[in-house]
Amino acid sequence: MKVSNADRVMFPEVGVTKGQVVSYYENAAGLMADFVVGRPLTLQRFPKGIAEKGFMQKNVAEHYPASIERYEVPKNEGGTTTYPVVRDVNDIAYLANQGTITFHVWLSTVEQPLKPDYLVLDLDPPEGSAEIVRAVALETRTVLDSFGVESIPVATGSKGFHVWIPLAGKPDFEQVSKASQALAGIVALKIPDLATLEFLKKERKGRVFVDWLRNHPGSTVAAPFSLRPRPRASLAMPITWDELGSTAPDAWTIGNVEDRLSDLPRWPKPVVLPIDHIVKTAEAAGV
DNA sequence: GTCGGGC
DNA sequence: GCCCGACAACGCGGA
DNA sequence: TCCGCG
Ligand SMILES: [Mn+2]
Ligand SMILES: [Mn+2]
């Protein structure tokens, strides 16, 4: 892949260049395929580096190659959004050369846009607290285990963790969203001093927001292995539950990730969510 | 990063 | 040919 | 309708 302005410093604090960013994405592209290929993308771009203002981009630029699919979605109030959809993983590096730092992805593919193949619980901590968000993650795992649902945490590269659950059985967003809200509610009920479903930051009062709202049609999550626009060039890295206690949310960076890419945790097998059981359990508990 | 207009 | 400015999201829900 | 939020 030819890189334009390869020596441009994208992460000034650690001196990471655009050439290094594109090279990283070339190495990670195969691993990202499951989370990127076939899914409408929202690109978070920083063409002049993360010290300058970046922007979110949903609409595909006209000059992007034909190998990047166009996917039209009607907007709420007229008009359409035309998303880029990658089919060939080599196009991930192309988009990195366009200044993309973070790839935000749908939890469904264009083949079945209303049927997510992942559920993600997004744990958003207040400023600072690494220990609290770990405790919430572990409780989330315990709750999922109690329903026989296997999950894997992702250190987001930013402040929190994501908990990913691969889904079988093609449930629709309506069901998955209900289940995710119920799961988040159960977690918050079990550890009310640490976790909350409060959307407004000022109502969270030092607690972790168990963000279940990612599980909606058209909502996005930072894809595993995506870089984040953070000073140390940290990235979203799947980890084992055993690693959670010793892994900071931004532990993995473009500078220390190389060996990790060939020594990754096992990804869980998709499970059929026991949606009714989860929802009824939550109701009985008073969520 | 790319494009298009002005000089 | 060079330089510069414009442009690059959107949905949801609660106040 | 505006605002907070991701
Ligand atoms: Mn988050
Ligand atoms: Mn969130």
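Because the structure is predicted, anything quoted here is derived from the model rather than measured. Convention: sequence-line order gives letters A, B, ...; per-chain numbering from 1.
In this structure, of C:dA8, D:dG6, B:dG1, it is B:dG1 that holds the atom nearest to the side chain of A:Arg8. For A:Pro47, taking side-chain heavy atoms from C-beta onward, the closest of the listed nucleotides D:dG6, C:dA9, B:dG1 is B:dG1. Listed nucleotides: C:dC12, C:dA8, B:dG1. Nearest to the side chain of A:Asn76: C:dC12.
In this structure, A:Asn97 atom CG and C:dA8 atom C1' are separated by 16 Å, rounded to whole Å. Following rounding to the nearest Å, A:Glu77 (CD) and D:dC2 (P) show an atom-to-atom distance of 13 Å. Rounded to a whole Å, the CG atom of A:Asp91 is 16 Å from the C1' atom of B:dG1. Whole-Å rounding puts the A:Gln44 CD to C:dA8 P distance at 16 Å. Per the geometry, OH belonging to A:Tyr64 stands 13 Å off C1' belonging to B:dC3, to the nearest Å. Between the CD atom of A:Gln57 and the C1' atom of C:dC7 there is a distance of 10 Å, rounded to whole Å. One interatomic measurement links the two molecules: CE of A:Met56 to P of D:dC5, which rounds to 16 Å at whole-angstrom precision. Look at CG on A:Asp124: it is 13 Å from C1' on D:dG4, rounded to the nearest Å.
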Please lay out, stage by stage, how A:Arg228 and A:Asp250 fare under the test side-chain contact (heavy atoms from CB on, under 4.5 Å). CA-CA 9 Å; A:Arg228 310 305 300 274; A:Asp250 62 351; over 6 Å; no

For a side-chain contact (heavy atoms from CB on, under 4.5 Å) check, start with the C-alpha distance between A:Gln98 and A:Leu43, then their side-chain angles and the critical distance, and finish with the verdict. CA-CA 10 Å; A:Gln98 291 295 305; A:Leu43 307 174; over 6 Å; no

CA sep, side-chain torsions, deciding dist, call: A:Tyr118, A:Phe35, ring pair (Phe, Tyr, Trp, His ring centres under 6.0 Å): CA-CA 9 Å; A:Tyr118 295 104; A:Phe35 314 107; 5.7 Å; yes

Evaluate the criterion side-chain contact (heavy atoms from CB on, under 4.5 Å) for residue pair A:Trp106 and A:Val73; output intermediate values, then yes/no. CA-CA 13 Å; A:Trp106 285 21; A:Val73 178; 3.9 Å; yes

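Put simply, A:Thr81 has a side-chain N or O that comes within less than 4.0 Å of OP1 or OP2 on C:dC10. Within the 4.0 Å cut-off from OP1 or OP2 of C:dC7, not a single side-chain nitrogen or oxygen of A:Asn59 is found. For A:Lys58 and C:dC10, the shortest distance from a side-chain N or O to OP1 or OP2 is not below 4.0 Å.
Spacing between C:dA9 and D:dC5 at atom C1', rounded to whole Å, works out to 14 Å. One P atom belongs to B:dG1, the other to C:dG11, and the distance between them is 29 Å to the nearest Å.
Considering A:Asn215, A:Ile278, A:Val210 in turn, A:Ile278 is the only one that fulfils the side-chain contact (heavy atoms from CB on, under 4.5 Å) rule with A:Leu183.
Residue-level contact check: A:Lys53 touches neither bases nor backbone, having no heavy atom under 4.0 Å from any strand. Looking at heavy-atom distances under 4.0 Å, A:Ser4 makes contact with sugar-phosphate atoms alone, never a base.
Side-chain atoms of A:Ser67 and A:Asp88 form no donor-acceptor pair, as typed in the model, at a separation below 3.5 Å.
Interface residues of residues 177-214 of chain A facing DNA chain D, ordered by number: A:Phe199, A:Leu200, A:Lys201, A:Arg204, A:Asp211, A:Arg214; criterion, heavy-atom separation under 4.0 Å.
Under the 3.5 Å distance criterion, the side-chain polar atoms of A:Asn256 are matched with a main-chain donor or acceptor of A:Ala251.
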Report all side-chain donor-acceptor pairs from residues 139-146 of chain A shorter than 3.5 Å, counting only partners two or more places apart or in another chain.
{"unit_1": "A:Glu139", "atom_1": "OE2", "unit_2": "A:Lys190", "atom_2": "NZ", "d": "3.0"}
{"unit_1": "A:Thr140", "atom_1": "OG1", "unit_2": "A:Val136", "atom_2": "O", "d": "2.8"}
{"unit_1": "A:Thr142", "atom_1": "OG1", "unit_2": "A:Leu138", "atom_2": "O", "d": "3.0"}
{"unit_1": "A:Ser146", "atom_1": "OG", "unit_2": "A:Val143", "atom_2": "O", "d": "2.5"}

